[in-house]
J.: 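One structure, pasted below without further comment.
All heavy atoms count here, side chains included; hydrogens, waters and symmetry mates do not. Owing to the predicted nature of the structure, the values given are computational and were not obtained by experimental measurement. Sequence positions, counted from 1, serve as the residue numbers for this chain.
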Amino acid sequence: VYGGLAGLFIVTDDEEQSLGLPGDEFDLPLVIQDRTFDDNNGLVYLTHHMERMTGFLGNRILVNGRPRYTHKVATRPYRLRILNGSNSRIYNLAWSDGRPLTVIGSDGGLLPSPLERSNVLLGPAERVEVWADFSGMGKGSEVTLVSETLDLGPLSRMTGPGGMRGPTAGGRFLRNGAPFAVARFEIFYTEKSSLRLPGRLSEFLPLDAEEAENRNTPRRFHIAMNHMRGVINNRVFQMTGVAEEEVVKLGTREVWEFINRGGMPALPHPMHVHGLQFRVLGRMGGLYSGYLDEGWKDTVMLMPGERVRLLMRFEDYDGLFLYHCHNLEHEDMGMMRNYYVRKV
């Protein structure tokens, strides 16, 4: 991934096509990643062992592989499909002029209806879709998508070799939670557009946890760092290993609960589940604004001290599937397990 293996699969259907959302050159995929370069513009990765514990952070922000990303736009609506393709960095997205972010989609597609948010937290592998309307702006003006300051406690204040990255390997590191510009949009020409933001986007069934077999006893997964290893329920990854509590039945619904026990250091964990999409039922212990828990998800941010409950539907496939932290260094250190969907 750090070498460049990142991209988007864009999936559509008749329901989406009927909405008349911005398309073609007005439908912009934005893959955000951080990198560190040496004096010869070569990629630099993991210069200190503590970067495995905390996760790699670069000193340059790239969008679609380009630094200082700028896009020339017209005075009309655009659809921005944003992916956090970084190894471990969390983005706190907002508009530079204070306008709200109009969110129309998350990991698994469109939301039931648009949401307005002052900021959106985006952990590694999470996606957000934004209706960006540049109407009313004058030619030559600009607005920037930024990542605002995010206080991640000790994680935001680590410096030098004992923390994320010292002043070596191509310059100072950019701390997790530091503010910076992500993408600049310049008004290049004016035009009138008849596109309007739909009030309804997608049909969703009611979020009913009563249908879950274990609604009163959620399946719990404790996430922690243990002696420089990432563990889930005190276990590390085994290639085909599955514990008893990791076996589920095909054709059922369950409530899963991810619990971030914190520890030293207390670290965020974006938890990702393969093989399905889930719904977020609730979040306990949250200290931040901007979580994007709406819609169909496959990755959910889990900050230190938090627990998140998910409604899982094992409806389509049996077999062996992964679930893991999408901080890629944590995953490599063992914070990844299998779950097995068994035919009844």
J.: Would you list the pairs meeting ring pair (Phe, Tyr, Trp, His ring centres under 6.0 Å) in which at least one residue belongs to residues 11-32, sequence neighbours left out?
T.: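 Every pair satisfying ring pair (Phe, Tyr, Trp, His ring centres under 6.0 Å) with a residue in residues 11-32: Phe26-Tyr78.
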J.: Taking 4.0 angstrom as the limit, do Arg52 and Glu329 come out as a salt bridge?
T.: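 No.
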J.: More than 12 foreign heavy atoms under 6.0 Å from OH of Tyr189: is that the case here?
T.: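 Yes, because the 6.0 Å sphere around OH of Tyr189 holds more than 12 heavy atoms from other groups.
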J.: Met303 and side-chain contact (heavy atoms from CB on, under 4.5 Å): which partner among Leu287, Val308, Ile90?
T.: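 Going through Leu287, Val308, Ile90 one by one, the side-chain contact (heavy atoms from CB on, under 4.5 Å) with Met303 is satisfied by Ile90 alone.
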J.: Is a salt bridge present between Glu245 and Arg219, judged by a nitrogen-to-oxygen distance below 4.0 Å?
T.: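 So Glu245 does not pair with Arg219 through a salt bridge.
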J.: So does Ser147 get a backbone contact from the side chain of Asn92, meaning a donor-acceptor N/O pair under 3.5 Å?
T.: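 The answer is no, because no donor-acceptor pair under 3.5 Å joins these two groups.
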J.: Write down the atom of Tyr45, the atom of Asn87, and the distance for their closest heavy-atom approach.
T.: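 It is CE1-ND2, 3.8 Å.
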J.: Using the side-chain hydrogen bond (donor to acceptor under 3.5 Å, both in side chains) rule, pick out the option among Glu126, Glu306, Arg117 that qualifies with Tyr291.
T.: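 Of the listed options, the one satisfying the test is Glu306.
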J.: Which heavy-atom pair separates Gly58 from Asp34 by the least distance, and what is that distance?
T.: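 So the two residues come closest at N-OD2, 3.0 Å.
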J.: Parallel under 30°, tilted from 30 to 60°, perpendicular over 60°: which one fits the rings of Phe258 and Phe221?
T.: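 Tilted.
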J.: Give the minimum heavy-atom separation between Val242 and Tyr340, together with the two atoms involved.
T.: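 Scanning both residues completely, I find the closest heavy atoms to be CG1-CB, 4.0 Å.
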J.: Aromatic rings Tyr339 and Trp256: how do their planes relate, parallel, tilted or perpendicular, breaks at 30° and 60°?
T.: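 Ring orientation, 0 to 90° scale: perpendicular.
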J.: In this structure, which one of His330, His274, His269 forms a ring-ring contact (aromatic ring centres under 6.0 Å, His included) with His324?
T.: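 Answer to the ring-ring contact (aromatic ring centres under 6.0 Å, His included) test with His324 among His330, His274, His269: His274.
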J.: Just wondering, are more than 12 heavy atoms of other shown residues or ligands nearer than 6.0 Å to CZ in Arg68?
T.: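 No, CZ of Arg68 has 12 or fewer neighbouring heavy atoms, counting only those of other groups under 6.0 Å.
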J.: If I compare all heavy atoms of Met301 with all of Pro268, which pair ends up nearest, and what's the gap?
T.: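 Minimum heavy-atom separation between Met301 and Pro268: CE-CB, 3.8 Å.
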J.: Evaluate the criterion side chain to side chain donor-acceptor pair (under 3.5 Å) for residue pair Gln17 and Thr12; output intermediate values, then yes/no.
T.: CA-CA 7 Å; Gln17 291 296 313; Thr12 188; 2.8 Å; yes
J.: For Pro198 and Trp131, which heavy atoms make the closest approach, and how far apart are they?
T.: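 So the minimum-distance heavy-atom pair works out to CD-CZ3, 4.3 Å.
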